[in-house]
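Quick note: numbers below take in every heavy atom, side chains included, and nothing from hydrogens, waters or symmetry partners.
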Amino acid sequence: MHITANDPKRKTWLEVPENSDFPIQNIPFGVFLTRDDIITIGTRIGNYAIDLGALHQLGYFKGIPLTDDIFLQDTLNDFIADGRKTWRTVRNRIAEIFDVNNTTLQNNQEHQRVILFTIDEIEMQLPVQIGDYTDFYSSEEHARNVGEMFRGKENAMVPNWYHMPIAYHGRSSSIIPSDIPINRPLGQKMPKGAKTPIFGPTRALDFELEMAFITTDANNIGESIPAKEAEDHIFGMVLFNDWSARDIQRWEYVPLGPFLGKNFASSISPWIVTLDALEPFRTEGPTKKSEYKLLDYLKTEGKKTFDIKLEVFIQPENDDPTLVSESNFKYLYWNMSEQLAHHTINGCPINSGDMLASGTISGSREGTFGSMLELSENGEKPIKLNNGNDRKFIQDNDTVILKGFCENKDVRIGFGECGTKILSHL
């Protein structure tokens with residue numbers, strides 16, 4: 001089925017600010033609490049949130065085989081489980097309804113009153129019930145930077161890294177939507193020169209600039225997903241801040257990997273941007289290194305990543321934000337298709353609403369690194385903020401803001417913001 005919603009010439013009868021992340025060509029999906037305290041599934045155009053439950057009840061999806069309650073739920077899981085044909089059909093219909101040349105809803109003020117909300121009238125929720133969460137480690141630059149820091153240049157890259165996408169299974173219960181503050185986590189730390197650990201709040205709280213993709217029901221236990229079919233099972237993407245307490249993590253991660261240093265919180269942007277919306281921004285990823293033979297199950301063809309510009313800001317309380325990093329999703333060595341193929345090669349089942357994160361996304365030059373660990377060289381080289389202060393790591397009452405967008409000569413598609421304020425420990 002053709003993606004008519006992506007037509008760059010399409011205009012909407014809703015007002016869309018210049019350089020908005022949400023033109024009519026985007027049509028992301030999310031869950032929000034309305035001004036009437038009702039949770040509904042919706043989409044966004046410009047600064048308007050659109051209640052898809054109300055739109056469906058009023059007959060605007062006539063002819064599309066949808067259950068009566070598909071949008072009257074507090075998560076997108078069932079809608080996502082319906083598959084790509086449904087997602088594409090619904091998105092195309094939404095584009096038609098809000099097209100400037102379609103007067104059906106445009107001239108119906110009574111329907112608009114129950115379907116349309118301004119963004120300041122709603123409260124965004126977690127868009128899916130996340131059954132499982134996997135965090136990959138797919139940026140070569142990030143892996144090398146961190147490896148050099150802790151193992152030296154000669155041993156920076158571990159032997160298996162170029163042969164498969166490395167990952168670990170994370171904690172889904174602490175994934176939160178943007179604008180929910182978090183408390184500074186507590187844990188054990190081994191200070192430099194100490195012989196026994198101490199307990200207390202982290203002194204090295206860090207952000208990790210990542211993106212994550214959300215899957216549909218994909219396979220039964222014992223079945224694998226071929227890399228060439230992986231995108232058929234990916235609904236869309238969000239910005240992802242995988243918070244990290246570096247000092248707690250450093251003390252605990254050998255021999256089993258991240259635990260308390262990572263499981264206290266991860267933040268996501270609340271609007272899921274579909275792969276269909278990102279289609280015009282496909283691009284090539286890094287070339288695989290020829291000295292490492294890629295096994296057949298990981299091989300992909302064509303443009304399997306997207307040109308998504310990423311930014312990180314640190315905003316002290318009652319102050320202006322400072323841009324501290326600019327990166328790009330296309331820098332990742334391992335793409336989403338390779339990640340999903342590897343994840344399932346041993347028969348691991350993937351379900352609707354599962355979230356798979358990219359790992360920290362760093363570029364190759366200063367100012368493109370995706371964590372404070374890299375930007376400040378593990379605290380040895382503090383970065384300057386616009387107010388004249390500096391940061392080694394994230395302080396109490398700082399807000400970290402992630403932004404992401406794609407743009408070409410015709411259209412800009414964005415993810416909005418993923419912003420989280422750090423409060424003191426409980």
| said: I'd like to know if Arg282 pairs up with Glu231 as an ion pair, taking the criterion as any Lys NZ or Arg NE/NH1/NH2 lying under 4.0 Å from an Asp or Glu carboxylate oxygen. | reply: yes

| request: Kindly indicate whether the side chain of Trp271, heavy atoms from C-beta on, has any atom under 4.5 Å from the side chain of Asn26. | output: no

| Is any side-chain N of the basic residue among Asp247 and Arg203 closer than 4.0 Å to the acidic one's carboxylate O? | no

| request: For the pair Lys381 and Glu366, evaluate salt bridge (Lys or Arg N to Asp or Glu O under 4.0 Å) and give the outcome as yes or no after the intermediate values. | output: CA-CA 12 Å; Lys381 186 181 174 183; Glu366 193 171 342; 3.3 Å; yes

| query | Is the shortest heavy-atom distance from the side chain of Leu52 to the side chain of Phe61 under 4.5 Å? | reply | yes

| Residue pair Phe22 / Pro28, side-chain heavy-atom distance below 4.5 Å | yes

| task | Taking Ser224 for its side chain and Asn346 for its backbone only, find out whether a donor-acceptor pair lies under 3.5 Å. | result | no

| task | Compute the centroid of each ring, for Phe213 and then for Phe136, and state whether the two points are separated by less than 6.0 Å. | result | no

| query | Below 4.5 Å, heavy atoms only, C-beta onward: do Met336 and Ile234 meet side chain to side chain? | reply | yes

| said: Can you see whether Ser174 engages Asn263 through a side-chain donor-acceptor pair at a distance of less than 3.5 angstrom? | reply: no

| Glu96 and Asn102: side-chain hydrogen bond (donor to acceptor under 3.5 Å, both in side chains), yes or no, with the steps? | CA-CA 7 Å; Glu96 293 171 10; Asn102 188 333; 5.9 Å; no

| field | Enclosure of Phe259 CZ (heavy-atom neighbours >12, cutoff 6.0 Å) | value | no

Which donor-acceptor pairs under 3.5 Å do side chains of residues 153-167 form with protein atoms, sequence neighbours excluded?
unit_1	atom_1	unit_2	atom_2	d
Trp161	NE1	Tyr137	O	2.9
Tyr162	OH	Glu140	OE2	2.5
Tyr162	OH	Arg144	NH2	2.8

| task | Go through the side-chain N and O atoms of Gln339 and Ser138 and say whether any donor and acceptor fall under 3.5 Å apart. | result | yes

| Arg151 and Glu148 ion-paired at < 4.0 Å | no

| Taking the six-membered ring for Trp, is the centroid-to-centroid distance between Trp87 and Phe235 below 6.0 Å? | yes

| said: Please tell me whether Phe207 and Trp243 form a close aromatic pair, meaning their ring centres lie under 6.0 Å apart. | reply: no

| query | Can you check whether Ile361's main-chain N or O pairs, donor with acceptor, with Ser327's side chain at less than 3.5 Å? | reply | yes

| Distance-only, no hydrogens or angles: does the Ser178 side chain make a donor-acceptor pair with backbone N or O of Ile268 under 3.5 Å? | no

| Where do Ile115 and Ile50 land on the side chain to side chain contact (heavy atoms under 4.5 Å, CB included) test, with the steps shown first? | CA-CA 6 Å; Ile115 290 170; Ile50 298 159; 3.8 Å; yes

| Any ion pair linking Lys262 and Asp242 (charged N to carboxylate O, less than 4.0 Å)? | yes

| Below 4.0 angstrom, N of the basic side chain to O of the carboxylate: do Lys403 and Asp21 qualify? | no

| said: Using the rule given for ring pair (Phe, Tyr, Trp, His ring centres under 6.0 Å), can you reason through Phe29 versus Phe79, listing the C-alpha separation, both sets of side-chain angles and the distance that settles it, and then say yes or no? | reply: CA-CA 10 Å; Phe29 292 90; Phe79 176 65; 5.2 Å; yes

| message | One pair to check against side-chain hydrogen bond (donor to acceptor under 3.5 Å, both in side chains): Asp307 and Thr283. What are the steps and the verdict? | response | CA-CA 6 Å; Asp307 184 4; Thr283 190; 5.8 Å; no

| Is there a side-chain contact between Phe117 and Tyr48, using heavy atoms and a 4.5 Å cut-off? | no

| request: Nearest 0.5 Å please: distance from the CG atom of Asn183 over to the CG atom of Leu423. | output: 5.0 Å

| request: Mark yes when over 12 heavy atoms from residues, nucleotides or ligands other than Glu407 sit less than 6.0 Å from its CD; otherwise mark no. | output: yes

| request: Assess the side chains of Thr305 and Asn335: does a donor N or O sit below 3.5 Å from an acceptor N or O? | output: no

| query | Would you call Arg365 and Glu326 a salt bridge, using N to O less than 4.0 angstrom? | reply | no

| ring pair (Phe, Tyr, Trp, His ring centres under 6.0 Å) partners of His233, counting only residues at least two apart | none

| said: Measuring from atom CG of Asn328 to atom OG1 of Thr368, what distance do you get when rounded to the nearest 0.5 angstrom? | reply: 10.0 Å

| message | Would you say Asp120 and Thr118 are linked by a side-chain donor-acceptor pair, where the criterion is simply a distance under 3.5 Å? | response | yes

| said: Between Glu417 and Ser269, does the side-chain hydrogen bond (donor to acceptor under 3.5 Å, both in side chains) criterion hold? Intermediate values first, please. | reply: CA-CA 6 Å; Glu417 293 186 0; Ser269 53; over 6 Å; no

| Sidechain-backbone polar pair: Asp69 side chain, Leu72 backbone, donor-acceptor under 3.5 Å | no

| field | Contact check, side chains of Leu58 and Val114, non-hydrogen atoms, under 4.5 Å | value | yes

| said: For Glu374 versus Glu141, what's the shortest heavy-atom pair and its separation? | reply: OE1-O, 4.3 Å

| query | With distance as the sole criterion, is a donor-acceptor pair present between the side chains of Asp206 and Ser244 under 3.5 Å? | reply | no

| request: I would like to know whether Asp398 and Arg391 meet salt bridge (Lys or Arg N to Asp or Glu O under 4.0 Å); could you show each step before the answer? | output: CA-CA 10 Å; Asp398 283 347; Arg391 289 289 185 276; 2.8 Å; yes

| Near Phe150 CZ, under 6.0 Å, is it more than 12 heavy atoms from other residues, nucleotides or ligands? | yes

| said: Looking only at side-chain N and O atoms, does Arg91 offer a donor or acceptor that is under 3.5 Å from a partner on Asn6? | reply: yes

| task | Taking the side chain as every heavy atom from C-beta outward, state whether Asp354 and Ile214 have any atom pair closer than 4.5 Å. | result | no

| request: Measure the CD1-CD1 distance between Ile413 and Ile27 for me, rounded to the nearest 0.5 Å. | output: 9.0 Å

| field | Spatial distance of atom CG (Asp132) from atom CG (Asn351) [nearest 0.5 Å] | value | 7.0 Å

| Has Glu18 got more than 12 heavy atoms of other residues, nucleotides or ligands less than 6.0 Å from its CD? | no

| Ring geometry between His111 and Tyr60 (parallel below 30°, tilted from 30 to 60°, perpendicular above 60°) | perpendicular

| said: With rounding to the nearest 0.5 angstrom, report the NE2 to CG distance, His342 to Leu298. | reply: 7.0 Å

| query | With the threshold set at 4.0 Å, does a side-chain nitrogen-carboxylate oxygen contact exist between Arg184 and Asp396? | reply | yes

| query | Are side-chain N/O atoms of Asn387 and Asp319 paired as donor and acceptor at under 3.5 Å? | reply | yes

| request: Take Phe264 and Arg171, measure what side chain to side chain contact (heavy atoms under 4.5 Å, CB included) needs, and give me the verdict at the end. | output: CA-CA 8 Å; Phe264 58 95; Arg171 182 74 181 174; over 6 Å; no

| task | May I ask you to check whether over 12 heavy atoms, not counting those of Arg84, lie within 6.0 Å of atom CZ? | result | yes

| field | Side chains of Glu208 and Thr360, donor plus acceptor under 3.5 Å | value | yes

| task | Find out whether Pro185 and Leu260 are in side-chain contact, i.e. whether some heavy atom of one side chain is under 4.5 Å from a heavy atom of the other. | result | no

| Roughly how far, to the nearest 0.5 Å, is the CD1 atom of Ile39 from the CD1 atom of Ile122? | 12.0 Å

| Looking at Phe306, is Lys330 sitting on its ring face, NZ or CZ under 6.0 Å from the six-membered ring centre and within 45 degrees of the normal? | no

